[in-house]
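Beneath this line is the structure, given in structure tokens, with notes to follow.
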Amino acid sequence: STDNSTTSLLVKDLNEGEIYRFHVVAINSYGRSGNSPILTTIAATYPGMKYTNEMFRPIVTTVDQNAMTISWVPPPSDTTGGSPITGYKVYSYIGVSYNTKTFPKPVKQEVQEIKVLGSSSVYGSFTALFRGSETESIKVSASSMDLKYALENLETINIISVSSSESGWRITFESEAGDLPLIETTSG
């Protein structure tokens, strides 16, 4: 319970890695409102904030004409945000040129755009679909961070970066390179 001018609450003594659910009910002299939508979150920090991807670059440990072994250093525990690592996905790219000093990243990260067509007075919401998974409703006025969280909440998307563009957002797939299927949108 809180007074009518407070719209935030610090919840303390949470257990790292545990999932918590929150909802809000407004109260006035006539009674209670309905429940707000439920927010489900894990008690963790945003992973990897003080490390670069270069720190975890795989290295070749053995190679012959038919096989190759790669290895990598596991990310430090403070990069996982309090959520334990449950496995790794390893991607390989056939037919890509060598990494060289003049061309250090031959595999390009996929960049896609979601554009809002219409005037600046457009409002409403949309959903985004990727590889068969669909987001919850996203407001047209959502921030880049809101869109990032909505997309990364899909099981089919790992790590992305999202920036605002002139008429929407630019999405860069950080954990998957190469030619990926398009993100599809539907009106919300």
Side-chain angles (χ1 to χ4, degrees), residues 7-8 11 14 17-26 33-54 56-57 75 79-94 96 105-188:
T7 58
S8 67
V11 180
L14 301 179
E18 290 288 325
I19 296 174
Y20 292 88
R21 290 180 175 83
F22 301 92
H23 72 272
V24 177
V25 174
S33 71
N35 293 347
S36 69
I38 294 175
L39 167 68
T40 302
T41 189
I42 189 166
T45 57
Y46 192 71
M49 293 304 286
K50 61 183 176 180
Y51 298 95
T52 66
N53 287 339
E54 292 299 314
F56 313 114
R57 181 183 293 275
T79 64
T80 65
S83 181
I85 294 173
T86 58
Y88 296 95
K89 288 185 179 181
V90 177
Y91 298 89
S92 65
Y93 303 94
I94 299 170
V96 176
K105 294 184 179 182
V107 177
K108 302 297 181 196
Q109 300 307 119
E110 175 84 3
V111 178
Q112 297 186 17
E113 285 195 46
I114 295 177
K115 293 188 176 196
V116 178
L117 303 176
S119 70
S120 60
S121 63
V122 172
Y123 62 93
S125 61
F126 66 94
T127 62
L129 294 96
F130 186 75
R131 291 182 172 156
S133 292
E134 185 173 14
T135 64
E136 296 290 324
S137 185
I138 302 166
K139 291 183 180 180
V140 170
S141 60
S143 70
S144 295
M145 193 58 72
D146 291 338
L147 182 60
K148 175 182 171 62
Y149 289 142
L151 291 171
E152 284 183 344
N153 203 30
L154 297 177
E155 290 183 12
T156 55
I157 292 181
N158 289 316
I159 300 170
I160 59 172
S161 59
V162 178
S163 59
S164 295
S165 66
E166 188 174 314
S167 57
W169 303 271
R170 179 171 286 115
I171 297 109
T172 303
F173 288 79
E174 302 292 351
S175 58
E176 296 182 74
D179 191 21
L180 300 175
L182 287 176
I183 296 173
E184 300 175 39
T185 58
T186 63
S187 60

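- Side-chain atoms of S133 and E155 form no donor-acceptor pair, as typed in the model, at a separation below 3.5 Å.
- Residue E113 places its CD atom among more than 12 non-hydrogen atoms of other residues, nucleotides or ligands, all under 6.0 Å distant.
- At least one side-chain heavy atom of P181 sits less than 4.5 Å from a side-chain heavy atom of F130.
- For the atom pair OG of S161 and CZ of R170, the computed distance is 10.5 Å after rounding to the nearest 0.5 Å.
- Take E184 and apply the salt bridge (Lys or Arg N to Asp or Glu O under 4.0 Å) test, not counting sequence neighbours, and it matches no residue.
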Next item on the list: Verify side chain to side chain contact (heavy atoms under 4.5 Å, CB included) between R131 and L154, making sure each step is shown before the conclusion.
Entry: CA-CA 10 Å; R131 291 182 172 156; L154 297 177; over 6 Å; no

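- Residue A150 comes nearest to I138 through the heavy atom pair CB-CD1, 3.8 Å, listed as atom of the first residue, atom of the second, then distance.
- Counting heavy atoms from C-beta on, the side chains of V11 and F22 come closer than 4.5 Å.
- Atoms CD1 and CG, on I171 and L147 in that order, are 5.5 Å from each other to the nearest 0.5 Å.
- Residue S163 holds its OG atom at 11.0 Å from CE of M145, rounded to the nearest 0.5 Å.
- For S144, the side chain to side chain contact (heavy atoms under 4.5 Å, CB included) criterion is met by V162, S164, W169, not counting sequence neighbours.
- Looking at heavy atoms from C-beta onward, V25 lies in side-chain contact with S33 at the 4.5 angstrom threshold.
- Note that the CZ atom of F126 and the OG1 atom of T135 stand 7.0 Å from one another [nearest 0.5 Å].
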Check: Under the side chain to side chain contact (heavy atoms under 4.5 Å, CB included) criterion, do T186 and E134 qualify, and how do the steps go?
Finding: CA-CA 10 Å; T186 63; E134 185 173 14; 3.8 Å; yes

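- Rounded to the nearest 0.5 Å, atoms CG (L151) and CG (D146) are 11.0 Å apart.
- Remark: the backbone N or O of F173 is not paired with any side-chain donor or acceptor of Q112 at under 3.5 angstrom.
- Remark: I114 CD1 to L182 CG distance equals 10.5 Å, nearest 0.5 Å.
- When the side-chain hydrogen bond (donor to acceptor under 3.5 Å, both in side chains) test is applied to S36, no partner is found at least two apart in sequence or on another chain.
- Side-chain atoms of E152 come within 3.5 Å of backbone atoms of I160 as a donor-acceptor pair (strictly under, hydrogens ignored).
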